[in-house]
Protein chains: 2
Amino acid sequence: MNHSKKYSSDCGLNKVQKMVGGKWKLSLLWYISEETRRFGEIKRVFPDITQSMLTKQLRELESDGLLHREIYKEVPPRVEYSLTNLGQQFLPILRSMSEWGECNLE
Amino acid sequence: MNHSKKYSSDCGLNKVQKMVGGKWKLSLLWYISEETRRFGEIKRVFPDITQSMLTKQLRELESDGLLHREIYKEVPPRVEYSLTNLGQQFLPILRSMSEWGECNLE
DNA sequence: CGGTATCCGCGGGGATACTG
DNA sequence: CAGTATCCCCGCGGATACCG
């Protein structure tokens with residue numbers, strides 16, 4: 001590895017920061033990891049996220065390869081979100097963070 | 001746990017997000033985890049962070065209990081940053097994220 | 001050397017209304 | 001139901017100058 005770039009903006013940690021640094025992304029991944037979720041479900045469980053922001057963050061997670069978005073062409077429409085392989089590989093980290101957060105704070 | 005708050009703004013993951021969500025905090029913790037670091041060292045290794053922002057992020061990490069800040073009253077002054085116990089407990093997670101970031105991106 | 005003090009731009013994120 | 005489309009605010013983070 002280029003030694004001078006060990007901590008620079010293209011190191012692994014900063015890539016992670018960019019991918020899951022969004023305000024709600026960790027929680028969203030966590031919720032979707034339990035099982036495939038419909039958009040409406042997510043919206044109901046996270047009432048503090050506006051719908052537009054929810055769409056945006058989900059799409060970013062999708063384009064970063066963490067989420068899969070499956071569209072069912074029905075009436076009414078249905079869209080389901082699930083973890084990709086990459087997202088599943090991130091799960092242990094997510095679990096550790098959740099535990100660390102629950103245990104060590106106040 | 002309050003079921004309705006399982007994914008709300010005070011769940012473990014969102015606490016983690018607030019604590020280490022800053023643009024440079026993961027990398028800073030990572031660098032300081034290797035050994036105790038002086039302010040000037042950090043500044044040199046992270047030339048893209050302005051000095052004022054560096055101070056701010058370090059202080060936030062300190063007040064969140066992740067970093068210890070030791071001031072030596074010498075001339076010239078010396079300030080050293082190191083991980084607290086809480087910070088050390090976060091290390092495995094940091095390591096996982098770094099590996100995941102290095103391996104799975106591009 | 002290791003900071004403050006100011007000022008400021010940008011974009012993350014929210015509110016609201018409309019749509020296929 | 002699952003979105004766009006707009007508009008907008010605030011605060012993160014940067015730039016620059018000064019200080020004990």
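Quick note on labels: first sequence line is chain A, next is B, and so on, each numbered from 1.
Residue B/Arg59 places at least one side-chain N or O under 4.0 Å from the OP1 or OP2 atom of C/dT4.
Residues passing the ring pair (Phe, Tyr, Trp, His ring centres under 6.0 Å) test with A/Phe46 are A/Tyr31, B/Tyr7, sequence neighbours excluded. Residues satisfying the side-chain contact (heavy atoms from CB on, under 4.5 Å) criterion with B/Gln88, sequence neighbours excluded, are B/Leu83. Applying the side-chain contact (heavy atoms from CB on, under 4.5 Å) test to A/Ser52 and every residue at least two apart in sequence or in another chain returns A/Thr50. With sequence neighbours left out, B/Glu74 forms a side-chain contact (heavy atoms from CB on, under 4.5 Å) with B/Tyr72, B/Arg78. Partners of B/Thr84 according to the side-chain contact (heavy atoms from CB on, under 4.5 Å) rule, which considers only residues two or more places apart in sequence or in another chain, are B/His68, B/Leu86. The side chain to side chain donor-acceptor pair (under 3.5 Å) search around B/Lys23 returns none, not counting sequence neighbours.
With rounding to whole Å, B/Phe46 atom CZ is found 16 Å from D/dG13 atom C1'. Between B/Leu58 atom CG and C/dG2 atom P the separation is 11 Å, expressed in whole Å. Summarising the geometry, the separation between NZ on B/Lys18 and P on D/dC12 is reported as 13 Å, rounded to the nearest angstrom.
Of the inter-residue distances, the one linking B/Glu34 atom CD with B/Leu29 atom CG reads 12.0 Å to the nearest 0.5 angstrom.
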For nucleotides 13-17 of chain C, list the nitrogen or oxygen atoms of the protein found under 3.5 Å from its nitrogen or oxygen atoms, one pair per line.
unit_1	atom_1	unit_2	atom_2	d
C/dG13	OP1	A/Lys23	N	3.1
C/dG13	OP2	A/Gln57	NE2	3.1
C/dG14	OP1	A/Lys23	NZ	3.4
C/dA15	N6	A/Ser52	OG	3.3

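Listed in residue order, the members of residues 30-44 of chain B having a heavy atom less than 4.0 Å from DNA chain C are B/Arg38, B/Phe39, B/Gly40.
Listed nucleotides C/dT4, C/dC1, D/dC1 differ in distance to B/Pro76; the shortest reach to its side chain belongs to C/dC1.
Counting any heavy atom pair closer than 4.0 Å across all strands shown, B/Tyr72 reaches no nucleic acid atom.
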Residues 55-65 of chain B side chain polar contacts: donor-acceptor under 3.5 Å, at least two apart:
unit_1	atom_1	unit_2	atom_2	d
B/Thr55	OG1	B/Gln51	O	3.1
B/Glu60	OE1	B/Lys25	NZ	2.6
B/Ser63	OG	B/Glu60	O	3.2

